[in-house]
Amino acid sequence: MPDVTTEASHPLYVPLAPLTAPRAEEPRRRRRPPVLPARPAEPPAAGSVRPAEPVATWPARPTRSARPARSVRPTDPVAAPALRLAPGRLRAGVAAGAGAVGLLWGLQARPSARLDVLFASGAHLTGLLAGYGVLVLLLLMARIPAVEHGVGADRLARRHALGGRYVLGLIAAHAVLALCGHAVHTHADLVTAAGGLLSYGAIAAATAGTALLVAVGITSARSVRRRLRHETWRAVHLGALLAAALGFVHQLAGPDIAGGLLTRWLWSLAHAVVAVLLVWYRIVVPVRAALRHDLRVAEVRDEGPGVVSVLIRGRGVDRLRAEPGQFFRWRFLRRGLWATALPFSLSAPVRDDTLRITVKALGDHTRRVRRLRPGTRVLATGPFGALTAHRRTRRKVLLLAGGVGITPLRALFETLPGGPGDVTLLYRASDSSSVVLREELEAIARERRADLHFLLGPSDGSFDPLAPRALRNLVPDLAAHDVYLCGPPAMARAATASLRRAGVPASRIHSEDFDHA
């Protein structure tokens, strides 16, 4: 297909008209494109979008690999999974559990004005809340489909990180209050009181568990995590499971849990349920899926500089119920990749028992993906993510992609229900060589009669094509759209701020950050 971009006074390309498929009644005749006189270049006004020089284009017939699948129509209804837990219900459930823990403490608390009793009472409350918090953190990362699909993997990861800070704070408060209470009760100094407490086996176990949780917290800090290999970070993070077990031993020995048979039974049941969910969804389900679907690499296809698409074929793949916009965690069983589960979105709808991902080489693991050979066995966990058609609330939809963030939006661009003009795709890239899957996007735009705009230019340029006014020029009724957003974190943050200033409510900006997935 001929290149439709031209050199203008500013490196920003916006098509003069939507790329559309020819009408059914029009004969398919090849014509020579008319030659239009070039106009002198003028610098764009601040905050505005000016098209590049006029160019007449003739849409080439899409190649076989770029032609949208006939088996997936934009007007087809999207099948929902059995259950999706809304974020509000998750918050309410967590709050209700914390209230139940507080009630348990209140029923066993003994009112007293004695200082040691006050310290002990505070230590019991913070200890119970910390133990409950650890259970919530493990539950958020259990990869339960209803939770992942309803809330989104990135939101769960962010709440997991925030919850970890609260839990460490509660543990620190519990330790300080318990130490002060013991010192007052025994009339000893803090050092002597600490030595006396550590002589108890359950307290020593809790101390070891706390040290493991502190190590997890330190390695999870962004500044530290960037310097660690993923395998190292993951190995340290698995220490949280041992920390939870050690904390459970400590809790069973404490007066709040050990004081009653019913309380001890309920607390043990809660830990058992979380343990079963972790084992089921993190181990049993992936292994069962690997045996059932026998996924293997079928083809590795170059898509551009540093970008490849990997086609993965198996048996009964449709039973995975993967939706456009979702991602899997992929484990390729070859040297250098088998130890890491990599999160990649589907870059095309599932068809013919084939899944497709598109990967850009950004690190050691992604560079190894391009060297995969056909026949390599693949373990895939998922699907995950809530960036799907079920978030849609408006008839008109804007898809806003940056860089390789086009991959989930390309699948949505093909499959989101809607008529001509209902779906618009804006693709931000530094230059034309950075545009991924361009032929497929143009073919889908013609097929659907959808609007497609490539916004090309350096991110540090003087003109921002994602500024509020620029977005409104491209999409005049922007505030009436749902917006699906996927791109690098800095671009996503800037685009979200611009969309808000342009009048799009936060509730209609749907995004997923794969740095937290």
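Computation of the quantities below employed the complete heavy-atom set of this structure, encompassing side-chain atoms and omitting hydrogens, waters and symmetry-equivalent molecules.
- From L499, atom CG reaches atom CG of L485 across 7.0 Å, with rounding to the nearest 0.5 Å.
- A donor-acceptor distance shorter than 3.5 angstrom exists from the side chain of T210 to the backbone of A206, with no hydrogens or angles considered.
- The closest donor-acceptor contact from the side chain of T192 to the backbone of A188 lies at 3.5 Å or more, if one exists at all.
- L246 approaches G209 most closely through the heavy-atom pair CD1-N, 3.7 Å.
- With respect to D482 and R392, no salt bridge is recorded, no charged nitrogen being found less than 4.0 Å from a carboxylate O.
- Checking side-chain atoms of W105 against main-chain N and O of L128 turns up no donor-acceptor pair under 3.5 Å.
- For the pair L179 and L197, the minimum side-chain heavy-atom distance is below 4.5 Å.
- A salt bridge does not link R410 with E303: none of the charged nitrogens is closer than 4.0 Å to a carboxylate oxygen.
- In this structure, CZ in R234 is found 9.5 Å from NE2 in H237, a value given to the nearest 0.5 Å.
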Run the side-chain contact (heavy atoms from CB on, under 4.5 Å) check on V136 and L138 step by step: do they pass?
CA-CA 5 Å; V136 171; L138 294 177; over 6 Å; no
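- Inspection of the S309 and T358 side chains reveals an N or O donor paired with an N or O acceptor under 3.5 Å.
- Between F344 and F327, the shortest heavy-atom distance links the atoms O-CB, 3.3 Å.
- Residues F413 and V423 have side chains in contact (heavy-atom distance under 4.5 Å, counting atoms from C-beta outward).
- Contact check for L412 versus V397: no side-chain heavy atoms found under the 4.5 Å cut-off.
- To the nearest 0.5 Å, atom CD1 of residue I406 and atom CG of residue L399 are 7.5 Å apart.
- Side-chain atoms of I312 and W330, non-hydrogen and from C-beta on, do get closer than 4.5 Å to each other.
- Once rounded to the nearest 0.5 Å, the distance linking OG1 of T219 with CH2 of W233 reads 8.0 Å.
- Looking only at atom types and distance, the side chain of R356 has a donor-acceptor partner in the side chain of S347 under 3.5 Å away.
- When side chains are defined from C-beta on, M141 counts as touching R282, because their heavy atoms get closer than 4.5 Å.
- Distance alone, capped at 3.5 Å, is enough to place a donor-acceptor pair between the Q326 side chain and the G385 backbone.
- For the atom pair CG of L238 and CG of L212, the computed distance is 11.5 Å after rounding to the nearest 0.5 Å.
- What you find for L416 and A389 is that their closest heavy atoms are CD2-CB, 3.6 Å.
- Within the 4.5 Å cutoff, no side-chain heavy atoms of V483 are placed close to those of H510.
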Test side-chain contact (heavy atoms from CB on, under 4.5 Å) on L90 and R159; report intermediate values, then the result.
CA-CA 11 Å; L90 177 63; R159 292 174 185 179; 4.1 Å; yes
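- A donor-acceptor contact shorter than 3.5 Å is absent between the side chain of W267 and the backbone of Q251.
- Looking only at distances, no side-chain donor or acceptor of R500 sits under 3.5 Å from a matching main-chain atom of I509.
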Pair I218, V236 - check side-chain contact (heavy atoms from CB on, under 4.5 Å), show working.
CA-CA 10 Å; I218 292 174; V236 174; over 6 Å; no
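- Side-chain atoms of T186 come within 3.5 Å of backbone atoms of H182 as a donor-acceptor pair (strictly under, hydrogens ignored).
- A cation-pi geometry, defined here as NZ or CZ lying under 6.0 Å from the six-membered ring centre and within 45° of its normal, does not hold between R391 and Y484.
- Nearest heavy-atom pair, L333 versus T376, reported as atom, atom and distance to 0.1 Å: O-CG2, 4.0 Å.
- Shortest non-hydrogen contact noted between L320 and H293 is CD2-NE2, 3.5 Å.
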Derivation and outcome, salt bridge (Lys or Arg N to Asp or Glu O under 4.0 Å), residues D353 and R313
CA-CA 6 Å; D353 277 341; R313 190 166 294 125; over 6 Å; no
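- Between D294 and R377 there is a salt bridge, with a side-chain nitrogen of the basic residue lying less than 4.0 Å from a carboxylate oxygen of the acidic one.
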V147/L156 under side-chain contact (heavy atoms from CB on, under 4.5 Å): CA gap, chis, key distance, verdict
CA-CA 9 Å; V147 179; L156 288 174; 3.7 Å; yes
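- For the pair L198/T207, a side-chain contact is recorded, criterion being any heavy-atom separation below 4.5 Å from C-beta on.
- Between the side chain of Y132 and the backbone N or O of A100, no donor-acceptor pair lies under 3.5 Å.
- Around CZ of R335, the count of heavy atoms belonging to other residues, nucleotides or ligands within 6.0 Å does not exceed 12.
- In this structure, the side chains of L379 and L295 stay at 4.5 Å or more apart for every pair of heavy atoms.
- Of the possible donor and acceptor atoms, none in the side chain of H481 sits under 3.5 Å from a partner among the backbone N and O of K396.
- Distance check, rounded to the nearest 0.5 Å: OG of S511 to CG of L387 gives 7.5 Å.
- Using a 30° and 60° split on the angle between ring planes, H174 and H250 fall in the perpendicular class, above 60°.
- The environment of NE2 in H160 is crowded: more than 12 heavy-atom neighbours from other residues, nucleotides or ligands sit within 6.0 Å.
- Y427 places a side-chain N or O within donor-acceptor distance of the main-chain N or O of V436, the cut-off being under 3.5 Å.
- When every heavy atom of A495 is checked against every heavy atom of L466, the shortest pair comes out as CB-CD1, 4.3 Å.
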